[in-house]
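Heads up: the structure comes next, in structure tokens.
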Number of protein chains: 2
Amino acid sequence: MNDLNWDFYRTFLAVLRTGSLSAAARDLGLTQPTVGRHIDALEQAVGYQLFTRSQQGLLPTEPALALQPYAETLAATTAAMQRVASGEFGEVKGTVRISASDVIGCEVLPPILAALQDKYPGLAIELSLSDAVEDLLRREADIAVRMTNPAQDALVARHIGQIPLGFYAHRRYLERYGEPREPEELAHHRLIGFDRRTAFIRATTARIRADLPAFPDLENIRWALRTDSNLAQLAAIRSGVGIGICQAGIARRDPELVRVLPGAFELSLDTWVAMHENLKNAPRWRVTFNALVKGLLDYVRAT
Amino acid sequence: MNDLNWDFYRTFLAVLRTGSLSAAARDLGLTQPTVGRHIDALEQAVGYQLFTRSQQGLLPTEPALALQPYAETLAATTAAMQRVASGEFGEVKGTVRISASDVIGCEVLPPILAALQDKYPGLAIELSLSDAVEDLLRREADIAVRMTNPAQDALVARHIGQIPLGFYAHRRYLERYGEPREPEELAHHRLIGFDRRTAFIRATTARIRADLPAFPDLENIRWALRTDSNLAQLAAIRSGVGIGICQAGIARRDPELVRVLPGAFELSLDTWVAMHENLKNAPRWRVTFNALVKGLLDYVRAT
DNA sequence: TATCATCCATACAAAAATGAATGATTTGAA
DNA sequence: TTCAAATCATTCATTTTTGTATGGATGATA
């Protein structure tokens, strides 16, 4: 089962992702028979079925699903390799892929990146926004803005500092429903919270419990709006849906947003910028990294 | 520069590793013209030279070296993928790749692995011994025995406990040169130490400084033997070269080895077994992981 | 129910990749 | 110095891979 053409793995991944030979062929710029032959070759090599064929497409078998993460890693690595390979060496030119949370990416990074690209017109930025922080070691991104200390050895990390959080609501909402003066009163307000439980959210709620014992029990709150998108939460706060958590630096830009229970809530996000150390000497990444560090430091200091 | 055949990267890596088209062709089971064409295609795709050709072989250019780590990751991932793909699912059969330090791999693991393979004859073990711990996330190994807490999220880790270290010497050596009674006396003995400075060694020496202030300044010691191989240090201790550091569990197996300065030196290695969480449900890795945990726990408890 | 879009499988022709063979050049050893 | 053993480059025939065209089957839609 050795000595398989590595390109077959790319075909394999495309079929997994699209669910059909034809769709994979379209994605890859190949034809459906070719893709089918690649899968045949893989199945023959491993000795068992990877997909159950049907007229509606191909359904992956258990072992095929077990192989998928590896194929994804291959795709991420080749993509990273192409980013490194493209563009001149010694010039700030080519593509840099940045991973950050959606709020940071939409509210904080744009002006930083605009200034950077103004200075280096040849620089292209790919911005991947998700809370599931993409892994730098697996080359899913070149540079990441993180809210946890990136302890891995092969990373260059710069500590930015604490981004303070707070409860905020729109002035209109408070005029209509009143402003809570004690944490207990929050239970009678319309609150904006998270939907599913992710690792980050579990950590945050644990911190809220520790820092703010008077806060109503999270399990029993009647949420006005639940969403995992911090951006949607922010939009909801801005339109007066209710009271939610927001970064202080973002909230203070909007004079209509009012901090609720100012003293009671002292939560903040510890922030880091991290990059794989292989990239630290290549101009375009160094320049981008430094711009992010500087821009985020300014953002944190302004709060 | 997109849409390159992934197989070209394998050829690229082979040329980097071997240093010539011909040797790479032999490794890959291809012919030298084919390998040359692959490199040509890559160079055309990226737009610059990756190698300078000569009659002695191919010398990588700067950008080619920058790409090498990515190609290595690809190779490690495809290899891991093949380990996962091979063998039946549900059966304990196929290959598992383990990374450990040389001493653990030579002195502690063999009986554990022998018992495991006795039980599962279809299980093949690849043992990679190095102090530079191979990265589990990059799939350079499936399971690793580590001396640091593997903090990465995607890993399943089991804490084994403390492996005590101590100064040991052969009885013959002590009869001839005397046994030190105070740490200060070590300065007049033949000591076995490390050669280069690795991250692990820096951490260890820092701990020695903290735990054992009476220990002679490491910079000024006249070492009898310096080597980065713990195995060679062990062999040196066993042949009476001098006094060195050794795991207590290993030393006590040999009645000729005597602990020196027993009370004065309380250093130990915190030990973990770690595995990528993708593998935790697949029988052969689960079985191997459990066998390692159990075997190492027994080893630690026996000390 | 009939039609259309989508899927996979197969047969055959075109295109592309590969291998074999040879030549030219360099290095190191006899 | 000469010879053997490397190396890479080039040419041409062969093999392999790919694409085109088609058929049959399924499911959604009017």
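The structure presented is a predicted model; accordingly, all values stated were derived computationally and were not measured. Here is the naming used below: chain letters follow the sequence lines, and residue numbers restart at 1 for every chain.
- Residues A/R238 and A/E107 are paired through a salt bridge, judged by an N-O separation under 4.0 Å between the basic side chain and the carboxylate.
- Taking a 4.0 Å limit (strictly below) on heavy-atom distances, residues 24-34 of chain A reaches DNA chain C at A/R26, A/Q32, A/P33.
- Within a 6.0 Å sphere centred on CD of A/Q44, heavy atoms belonging to other residues, nucleotides or ligands number 12 at most.
- Rounded to an integer number of Å, the gap from B/L21 CG to C/dT25 P is 18 Å.
- The stretch residues 35-42 of chain A comes close to DNA chain D through A/R37, A/H38, each having a heavy atom under 4.0 Å from the strand.
- Of the side-chain N and O atoms in B/Q56, one or more sit less than 4.0 angstrom from OP1 or OP2 of C/dT27.
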Pair up each side-chain donor or acceptor in residues 21-37 of chain B with any protein partner under 3.5 Å, not counting sequence neighbours, and list the distances.
{"residue": "B/T31", "atom": "OG1", "partner": "B/T34", "partner atom": "OG1", "Å": "3.1"}

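- Here the closest heavy-atom approach between residue B/A76 and residue B/E140 is recorded as CB-CG, 4.0 Å.
- In plain terms, the two heavy atoms of B/V287 and B/Y120 that are nearest each other are CG1-CE1, 3.2 Å.
- On the nucleic acid side, DNA chain D has its first and last nucleotide under 4.0 Å of a heavy atom of chain B at D/dT7 to D/dT10, going 5' to 3'.
- Judged by the 6.0 Å distance and 45° axis criteria, A/R139 is positioned over the aromatic ring of B/Y70.
- The heavy-atom pair separating B/V96 from B/R284 by the smallest distance is CG2-CG, 3.6 Å.
- Within the structure, salt bridge (Lys or Arg N to Asp or Glu O under 4.0 Å) pairs that include any residue of residues 64-86 of chain A comprise A/R17-A/E72, A/R83-A/D142 (at least two apart or interchain).
- Regarding B/R53, its CZ atom lies at a distance of 17 Å from the P atom of C/dT26, rounded to whole Å.
- Residues forming a ring pair (Phe, Tyr, Trp, His ring centres under 6.0 Å) with B/F51 (at least two apart in sequence, or on another chain): B/F12.
- Note: A/L136 CG to A/S99 OG = 7.0 Å, rounded to the nearest 0.5 Å.
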